[in-house]
2 protein chains.
Amino acid sequence: MKAAAALARTPGRDRQASLISSAASLFAAKGFNGTTTKEIAKAAGVSEALVFKYFPTKRALYAAILAEKAPLSELLNAVEAVARTRDDHRVFTLIAGYRIRPGADPTMLRLLLFSALEGHELADMFFGKQHRVFYDYLAGYIRTRIDEGAFRRIDPLLAARAFIGMVVHHRLLHEIFEVPLHCPHKDIVRTYVELFLKGLQRPAAAKKRGLTRVR
Amino acid sequence: MKAAAALARTPGRDRQASLISSAASLFAAKGFNGTTTKEIAKAAGVSEALVFKYFPTKRALYAAILAEKAPLSELLNAVEAVARTRDDHRVFTLIAGYRIRPGADPTMLRLLLFSALEGHELADMFFGKQHRVFYDYLAGYIRTRIDEGAFRRIDPLLAARAFIGMVVHHRLLHEIFEVPLHCPHKDIVRTYVELFLKGLQRPAAAKKRGLTRVR
DNA sequence: TGACGGTGAGTAACCACTCACTCACCGGAC
DNA sequence: GTCCGGTGAGTGAGTGGTTACTCACCGTCA
C-alpha cells in the first residue's frame with residue numbers, strides 16, 4: 001500500500017518521465033554533445049540542479065531514455081502472426097508501412113543515428129538488441145519462402161537488408177534530410193512492396209501468389 | 001616569380017591541407033560539437049593558435065572540408081556514358097559498386113550524416129548539390145526506360161530512391177553500425193542489382209520488346 | 001520534526017578564440 | 001660577408017563565456 005500510495009502521487013516519477021522525454025527530443029535534435037543539461041532542465045520546466053537529483057550524470061539520463069523504449073517488439077509480434085499465413089504481400093506491407101508510417105516520430109531514428117555516430121557503447125544497447133533481431137527475422141522468413149519454392153534462390157540476409165534498406169532510407173531522406181515525399185504514403189508503400197516482391201518471387205509463383213503449399 | 005617561389009615551398013598550403021584532413025577525420029569520428037580545436041591542432045601537429053591563423057572560426061574549417069570534396073561528379077560522368085548503351089545491368093552495377101566499393105573511406109558518409117543531424121546549413125552544401133542531382137539522374141534514366149517499354153510502369157523517383165536506399169543502407173550498416181558483410185563484395189552488388197532489376201523489368205521485355213499483359 | 005521535492009549560487013574544468021611575442025628567412029644596401 | 005628592416009609561420013599564455021556537476025538551503029507536507 002505504501003507502493004500504491006506512492007504510485008498515486010509520484011511527483012518524482014512524473015518529473016523523471018518528463019525529464020526523459022525532454023532530454024530525448026533534445027538529444028535527438030542536437031545530439032548528446034550538442035545538448036546542455038541547462039537546456040534539458042529548462043525544457044522540463046525545472047532547475048538544472050534537479051536533473052542531477054534524478055540522474056547522477058548526463059550520460060545516465062541518456063541511458064534512461066534508451067531503457068524506456070522498446071520500439072520493435074509489438075511489430076515483431078504482428079509480423080509473426082501474418083507470416084504464418086504466407087501472404088508475402090501483407091508481410092512486406094506491414095513492415096514497410098510500420099517503418100514509414102506518416103505521423104511516425106523521428107525522434108528515435110535520429111537518436112539511433114546520433115548514438116551510432118557519436119559511437120559510445122549506448123548505441124549497441126539501442127541497435128544491437130532490437131534491430132539485428134529484426135533483420136534476422138525477415139531473413140528467416142525469406143529463407144523459408146525460398147525453401148518452399150515461392151521465392152527465387154537469393155541470399156536471404158542480403159534480401160532482408162535490401163528491403164529494410166529501401167524503406168529506412170526513404171524515412172531517412174524524409175525525416176533527416178527533409179526531402180519531400182512527393183506522393184501519398186500508401187503509394188510509396190505499395191510501390192516498394194511491389195518492386196521488391198516482383199524481384200523476389202519466382203516467375204511461376206508470381207501468378208498464384210501466396211497459395212503455394214510446397215513443403 | 002614571387003608567386004612561383006611561394007608555390008614551390010608553400011608550407012602554408014601544406015599546413016592548411018593537413019589541418020583540413022585532420023579535422024575531417026575528427027569531425028567524422030566525433031561530430032562537430034564533439035571535437036575541440038585543441039584536438040584538431042594536436043592531430044595536425046601544430047599549436048591551437050595556428051588553427052585560427054588559417055581559419056577564422058571552427059565552422060569555417062568545417063566549411064573548408066566540404067569545399068575540398070567533390071565526391072560524385074566523376075561517378076555521374078561514368079554513369080552517363082554507360083547509360084547511353086541502355087545496358088541496365090551495367091548502369092545499376094556501376095552505381096551499386098561505387099557506393100559500396102570495399103575500401104571506401106567512411107569519412108564522408110559519417111560527415112554527411114553528422115552534418116544532417118547536427119542540422120546546420122552546411123549539410124545542404126553537402127547533400128543538396130551532390131546527392132539530389134544523383135537521385136534525379138537515376139530517376140530520369142528509369143523514366144526513360146519505362147517510356148521505352150523496358151521497365152514496368154512504376155514511380156521513377158521512388159524506384160531510384162529504393163535502389164540507392166538498398167545500397168546506401170548496406171553501407172550504413174557496414175560502416176556506421178559495424179555490421180559484418182558476411183559475403184563477398186561482388187556477391188552483394190550482384191544480388192542487389194539482380195533483385196532490383198527483376199522487380200523493375202517488364203516480364204516479356206527481357207526476351208522481346210513486344211506487348212505484355214499488364215498485371 | 002524531519003523527510004522530500006525543489007532551487008540559487010556557486011565551482012573547477014573546459015570551450016572557442018585572441019594577443020603579444022619569437023624566430024627563421026629574405027632581398028637589398030654597404 | 002654582414003648588417004638591416006620586413007614578413008610570415010608559429011606559439012605560450014592568456015580571455016570571457018560555458019559546461020557538467022555540487023551544495024547549502026528553503027518551503028511544504030505527514
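Side chains are part of it too, since the values below use all heavy atoms of this structure and drop only hydrogens, waters and symmetry mates. All figures in this text were calculated on a predicted structure; none of them were measured in a lab. Here is the naming used below: chain letters follow the sequence lines, and residue numbers restart at 1 for every chain.
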Q. Side chains of B:Thr93 and B:Tyr192: donor-acceptor distance under 3.5 Å anywhere?
A. no
Q | Interatomic distance, A:Lys53 NZ vs D:dA20 C1' [rounded to whole Å] | A | 16 Å
Q: With sequence neighbours excluded, tell me which residues meet salt bridge (Lys or Arg N to Asp or Glu O under 4.0 Å) with A:Lys30.
A: A:Glu39
Q.
Measuring to OP1 and OP2 of D:dG10, would you say a side-chain N or O of B:Tyr54 lies under 4.0 angstrom away?
A. yes
Q: Would you kindly give the CD1-to-P distance between B:Ile40 and D:dG10, to the nearest whole Å?
A: 17 Å
(Q) Of the options D:dT11, C:dG6, D:dA9, whose atoms approach the side-chain atoms of B:Val46 most closely? (A) D:dT11
Q | Summary of protein contacts for nucleotides 13-18 of chain C, nucleotide by nucleotide, where a base hit scores B, a sugar-phosphate-only hit scores S (4.0 Å, heavy atoms) | A | --SBBB
**Q.** Salt-bridge present (B:Glu148, B:Arg86; N to O < 4.0 Å)
**A.** yes
Q. What is the distance, rounded to the nearest whole Å, between atom CG of A:Leu50 and atom C1' of C:dG6?
A. 6 Å
Q.
I'd like to know if B:Arg152 and A:Glu194 make a salt bridge, using a cut-off of under 4.0 Å between side-chain N and carboxylate O.
A. yes
Q.
Expressed as a whole number of angstroms, how long is the span from B:Lys42:NZ to D:dT11:C1'?
A. 17 Å
Q.
Can a donor-acceptor pair be found, under 3.5 Å and without considering hydrogens, that links the side chain of A:Thr85 to the backbone of A:Ala81?
A. no
Q: Would you please indicate if the ring centroids of A:Phe32 and A:Phe114 are separated by under 6.0 Å?
A: no
